[in-house]
Amino acid sequence: MKLKKDKYKLYTPEEIQQIKESSLIVGKTLAEVAKRIAPGVPLMLLDRVAEDFIRASGAEPSFKGYRGFPSTLCVSVNEVVVHGIPGNQILQDGDIVSIDCGVYKNGFHGDYAYTFPVGNVSKDTLLLIERTKQSLYLGIEQAKAGNTTGDIGNAIQRYVESFGYGVVRDLCGHGCGRKLHEFPEVNNFGRPKQGVLLKPGMVICIEPMINRGTYKVKTEPDGWTVRTLDRKPSAHFEHQIALTEKGTEMLSTYEYFEN
């Protein structure tokens with residue numbers, strides 16, 4: 001999703017804490033969804049669980065109705081990179097499923113994603129998941145005031161390409177606060193010291209989308225579902241962070257569902 005170039009949106013410490021409130025509801029929602037992930041479960045059940053939990057938390061789903069998107073979650077199975085629409089499809093043993101969730105509360109959005117294994121997943125695909133997640137944290141290490149978006153993307157790209165994986169070029173991370181998608185774009189590839197300068201007050205989502213094969217993707221006729229061109233698996237992880245005068249603050253967390 002290409003973003004219109006704009007001025008930085010810089011948030012106050014008080015606003016960042018409000019964004020964090022929305023972001024933590026995302027983590028708790030993912031935890032409720034994670035309890036249901038198993039072979040034989042329909043994707044629409046996961047979506048229903050998420051929407052019910054978000055609304056019970058006094059918030060709204062950020063994605064539902066966004067540019068016409070019909071669901072609360074993006075549920076992307078196997079070769080679907082992102083923006084999968086949860087329907088009648090049933091999870092199968094050996095699948096992987098990426099769950100991307102957004103929450104809107106008190107005027108601010110939280111947004112992040114996690115890729116879950118379903119049952120007995122092949123070693124090669126488990127490694128893809130593990131390395132994609134590691135690349136996210138390598139990107140976060142570079143997300144600090146004075147660095148650039150290119151520093152983030154380069155750290156991700158160098159790591160995952162060392163394993164022969166493809167880094168999706170057509171999709172990117174983004175700013176996220178009062179709007180779900182804000183400037184700047186945060187690519188998962190790039191050159192050091194290139195791109196947008198990072199400043200205190202910025203809130204961004206870093207989200208590597210890494211394919212076991214080619215980096216090339218295609219969008220299905222529904223206008224949303226993005227698949228790998230070679231139909232090999234793809235993994236997706238995302239965290240929402242704030243750049244502050246004191247350093248980088250994690251607004252999102254996986255602690256509610258990771259052992």
Side-chain angles (χ1 to χ4, degrees), residues 11-37 46-47 49-63 72-76 82 96-117 129-145 152 155-156 173-178 180-182 186 188 198 200-210 235-259:
Y11 290 99
T12 66
E14 292 76 21
E15 288 173 325
I16 287 171
Q17 291 313 301
Q18 287 184 284
I19 297 170
K20 187 172 186 177
E21 182 179 350
S22 295
S23 197
L24 293 179
I25 296 173
V26 174
K28 293 174 182 178
T29 304
L30 291 174
E32 292 301 310
V33 171
K35 294 174 186 176
R36 277 80 172 182
I37 291 175
L46 304 180
D47 194 67
V49 165
E51 180 170 0
D52 289 348
F53 183 84
I54 290 168
R55 295 194 187 280
S57 301
E60 299 174 19
S62 295
F63 298 172
T72 292
L73 299 176
C74 295
V75 183
S76 305
V82 287
I96 62 172
V97 58
S98 299
I99 308 290
D100 194 354
C101 179
V103 164
Y104 182 72
K105 186 174 183 180
N106 297 328
F108 297 96
H109 292 274
D111 175 19
Y112 49 107
Y114 196 93
T115 298
F116 297 90
I129 293 175
E130 177 186 317
R131 290 163 176 168
T132 301
K133 183 180 173 186
Q134 177 61 21
S135 77
L136 169 59
Y137 290 108
L138 292 173
I140 291 171
E141 286 179 4
Q142 298 301 315
K144 50 192 174 184
I152 296 171
I156 293 168
H174 52 92
C176 182
R178 289 197 178 276
L180 181 59
H181 294 105
E182 297 178 344
V186 184
N188 298 305
L198 302 175
M202 295 179 70
V203 175
I204 59 174
C205 292
I206 302 172
E207 51 177 317
M209 291 154 274
I210 308 301
H236 176 211
F237 285 85
E238 179 179 12
H239 267 310
Q240 186 174 19
I241 65 170
L243 307 179
T244 75
E245 296 289 352
K246 298 179 180 179
T248 301
E249 181 179 358
M250 296 285 292
L251 305 183
S252 53
T253 181
Y254 296 153
E255 69 179 9
Y256 297 120
F257 53 90
E258 281 192 337
N259 294 326

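Between His109 and Ile19, the shortest heavy-atom contact is O-CG2, 3.5 Å. In terms of heavy-atom proximity, Gly102 sits nearest to Ile54 at O-CD1, 4.1 Å. The two residues Pro117 and Ile37 have their closest heavy-atom pair at O-CG2, 4.2 Å. Taking each heavy atom of Ile156 and Gly139 in turn, the nearest pair found is CG1-CA, 4.0 Å. Residues Asp100 and Glu238 share a closest heavy-atom pair of OD1-OE1, 3.3 Å. A pairwise comparison of heavy atoms in Ala143 and Ile241 identifies CB-CD1, 3.3 Å as the closest pair.
In terms of modelled atom types and a separation under 3.5 Å, the side chain of Tyr11 and the main chain of Gln17 share no donor-acceptor contact. Although no hydrogens or angles enter the test, the distance criterion places a donor-acceptor pair under 3.5 Å between the side chain of Thr244 and the main chain of Lys246. Listed for the Ser62 side chain is a donor-acceptor partner under 3.5 Å among the backbone atoms of Tyr104. Using a distance-only test at 3.5 Å, with no hydrogens or angles considered, a donor-acceptor pair links the side chain of Thr115 to the main chain of His236. In terms of modelled atom types and a separation under 3.5 Å, the side chain of Ser22 and the main chain of Phe108 share a donor-acceptor contact. Although no hydrogens or angles enter the test, the distance criterion places a donor-acceptor pair under 3.5 Å between the side chain of Ser23 and the main chain of Leu251. Remark: the backbone N or O of Tyr112 is not paired with any side-chain donor or acceptor of Gln240 at under 3.5 angstrom.
Side chains of Glu32 and Asp52 form no contact here, defined as non-hydrogen atoms less than 4.5 Å apart. Side-chain atoms of Lys20 and Leu24, non-hydrogen and from C-beta on, do get closer than 4.5 Å to each other. Proximity of Leu136 to Thr132: side-chain heavy atoms (C-beta onward) are nowhere separated by under 4.5 Å. In this structure, the side chains of Val82 and Cys74 stay at 4.5 Å or more apart for every pair of heavy atoms. Within the 4.5 Å cutoff, no side-chain heavy atoms of Phe116 are placed close to those of Val33. Counting heavy atoms from C-beta on, the side chains of Glu60 and Lys105 never come closer than 4.5 Å. Counting heavy atoms from C-beta outward, Leu198 and Ile152 have side chains that approach closer than 4.5 Å. Using a 4.5 Å heavy-atom cutoff, the side chains of Lys35 and Val49 are not in contact.
Note: Tyr114 and Phe237 have perpendicular aromatic rings, judged against thresholds of 30 and 60 degrees for the angle between ring planes.
One distance of note links CG of Asn106 with CD of Glu21; it measures 5.5 Å at 0.5 Å rounding. Rounding to the nearest 0.5 Å places NZ of Lys28 at 12.5 Å from CG of Leu30. In this structure, OG1 on Thr248 lies 11.5 Å from CE on Met202, to the nearest 0.5 angstrom. Taken to the nearest 0.5 Å, the CZ atom of Arg55 stands 6.5 Å off from the OG1 atom of Thr72. A distance of 9.5 Å separates SG in Cys205 from CD in Glu182, rounded to the nearest 0.5 Å. One finds the CG atom of Leu73 at 8.0 Å from the OG1 atom of Thr29 (value rounded to the nearest 0.5 Å).
Crowding of Lys133 atom NZ: a count of heavy atoms from other residues, nucleotides or ligands under 6.0 Å exceeding 12.
When only modelled atom types and interatomic distance are considered, Ser252 and His239 share a side-chain donor-acceptor pair under 3.5 Å.
Considering Asp111, Val203, Val186 in turn, Asp111 is the only one that fulfils the side-chain contact (heavy atoms from CB on, under 4.5 Å) rule with His174.
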